Number of protein chains: 2
Amino acid sequence: MTKEEDILKKHISKHRLKVTKERYAVLKAFMALERHITAEELYRHMKDKGASVGLATIYRTLNLFCESGLAEQRQFGDGQARYELTYNVNHHDHLICRQCNKIIEFENREIEKLQEEVAKKHHFKIFSHRLELYGTCATCTKNNK
Amino acid sequence: MTKEEDILKKHISKHRLKVTKERYAVLKAFMALERHITAEELYRHMKDKGASVGLATIYRTLNLFCESGLAEQRQFGDGQARYELTYNVNHHDHLICRQCNKIIEFENREIEKLQEEVAKKHHFKIFSHRLELYGTCATCTKNNK
DNA sequence: TCTAAATTGAGAATCATTATCATAATCAAT
DNA sequence: ATTGATTATGATAATGATTCTCAATTTAGA
């Protein structure tokens, strides 16, 4: 049993939910795939692999992952939610290429520190944040020439 | 004529669009209202004031404002786009209270500078970014006790 | 094994936003 | 000012992502 399965199982029993093969199947597929996947992409992928699960269940299960702390949902402004595993992953932010949709992750402790200062100045208790830089990636910039 | 009207007019003539009373009415109402307004809120407000304009036109006009550089659209994750006048306004980011939905603006040049460094490191050409801090504001924190 | 409670899948419902299209308004040239 | 071409408007339909509904199925625990 992977650590992620263990976390999911603990969340499930804590909330008197039930362990199902669908939930394991979604977790397995989710872990095997690229980060920042949409529900639709995950659905298609599982269907192609013969591990079909209803789309509604994909959504429900991804939300369950978020509630259990395994994953996070992101909105990059294209109208579809994206999900990424965050268990055992350092917090990071994103660079998004508007031309090829490439997503690059970055970490910057200095920025985080400054954010905390801003929050403190306004007496805000922060529980999450997001920082996204939109632009054109190196490859696309080169190809544009 | 306000400076904003002037900008809109220039954008309109540059793109061979047309000046209409609806566009002026929306601009007037938009400028008079609080920042970070939704299309629906603007629509309701104008209806109540007797300056009724169709909802589709509100959307079209707000997008026109964004194209002309007068306004920007924001997504704070509640499923509705919000718009704010940005002409002659310094760039800023947002603190968002998840309890009372209050939105506080802040400016931080140091964070911006660090963002530029991150972009440079990844050879990204940035044309926009967004930074949002989600949490509980001072008032709500106090009231929770 | 039995039963209560949770889960699933299919499709309906929802909600914000955009598209459609007939009618009306605007603009530029006369 | 009138005309003609083009764009804008408003009402409503359409869209697309996500959630809800509900009957049938599966799970957990006694």
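It should be emphasised that the depicted structure is a prediction, and the values quoted were computed from it without experimental measurement. Residue numbers begin at 1 in each chain, while the letters A, B, ... track the order of the sequences.
- Here B:Phe65 and B:Phe30 bring their ring centres to under 6.0 angstrom of each other.
- When the salt bridge (charged side-chain N to carboxylate O under 4.0 Å, His left out) test is applied to B:Glu84, the partners found at least two apart in sequence or on another chain are B:Arg35, B:Arg74.
- With a heavy-atom cut-off of 4.0 Å to chain A, the contacted part of DNA chain D has its first and last nucleotide at D:dA17 to D:dA28.
- Within 4.0 Å (heavy atoms only), A:Arg60 reaches at least one base atom of the nucleic acid.
- Computed from coordinates, the A:Ile12 CD1 to C:dT7 C1' distance equals 11 Å when rounded to whole Å.
- When each of B:Gln75 and B:Lys21 is assigned the nucleotide of DNA chain C with its nearest heavy atom, B:Gln75 is the one assigned upstream, toward the 5' end.
- Overall, the helix from C:dT1-D:dA30 to C:dT30-D:dA1 carries an axis bend of 30° between its ends, with five pairs at each end and the value rounded to 10°.
- Across all non-hydrogen atoms, the minimal contact from B:Glu112 to B:Asp93 is OE2-OD2, 3.4 Å.
- Distances shown here put a side-chain N or O of B:Tyr59 below 4.0 Å from the OP1 or OP2 atom of C:dT17.
- Between the OH atom of A:Tyr24 and the P atom of C:dT7 there is a distance of 14 Å, rounded to whole Å.
- Per the geometry, CG belonging to B:Leu17 stands 12 Å off C1' belonging to C:dC27, to the nearest Å.
- Proximity of B:Thr20 to the phosphate of C:dT26: no side-chain N or O atom is located under 4.0 Å from OP1 or OP2.
- The side-chain hydrogen bond (donor to acceptor under 3.5 Å, both in side chains) pairs that include a residue from residues 19-31 of chain B number zero, where partners must be two or more places apart or lie in different chains.
- Between B:Asn63 and C:dT18 there is a side-chain N or O to OP1 or OP2 distance below 4.0 Å.
- At least one side-chain heavy atom of A:His45 sits under 4.5 Å from a side-chain heavy atom of A:Leu33.
- Between B:Gln73 and B:Tyr83, the side chains place a donor N or O and an acceptor N or O closer than 3.5 Å (distance only, hydrogens not considered).
- Sorted by first and then second residue, the pairs that involve residues 7-17 of chain B and meet side-chain hydrogen bond (donor to acceptor under 3.5 Å, both in side chains), not counting sequence neighbours, are B:Asp6-B:Lys10.
- Residues of residues 77-87 of chain B having a heavy atom closer than 4.0 Å to DNA chain D: none are found.
- Between A:Tyr134 and B:His129, the distance separating the two ring centers is not shorter than 6.0 angstrom.
- When the nearest nucleotides of DNA chain D are assigned to B:Ile58 and B:Lys18 by heavy-atom distance, the more 5′-ward of the two goes with B:Lys18.
- Distance CZ (B:Arg23) to C1' (C:dA24): 14 Å, rounded to an integer number of Å.
- Positionally, the nearest nucleotide of DNA chain D for B:Arg16 lies more toward the 5' end than for the other of B:Ala56 and B:Arg16.
- Here the straight-line distance linking atom CD1 of A:Ile12 with atom CG of A:Leu64 works out to 5.5 Å at 0.5 Å rounding.
- Within the 3.5 Å criterion, the main-chain N or O of A:Lys113 finds no donor-acceptor partner in the side chain of A:Glu116.
- Note on B:Glu40 versus B:Arg44: salt bridge recorded, some NZ/NE/NH1/NH2 to OD/OE distance being below 4.0 Å.
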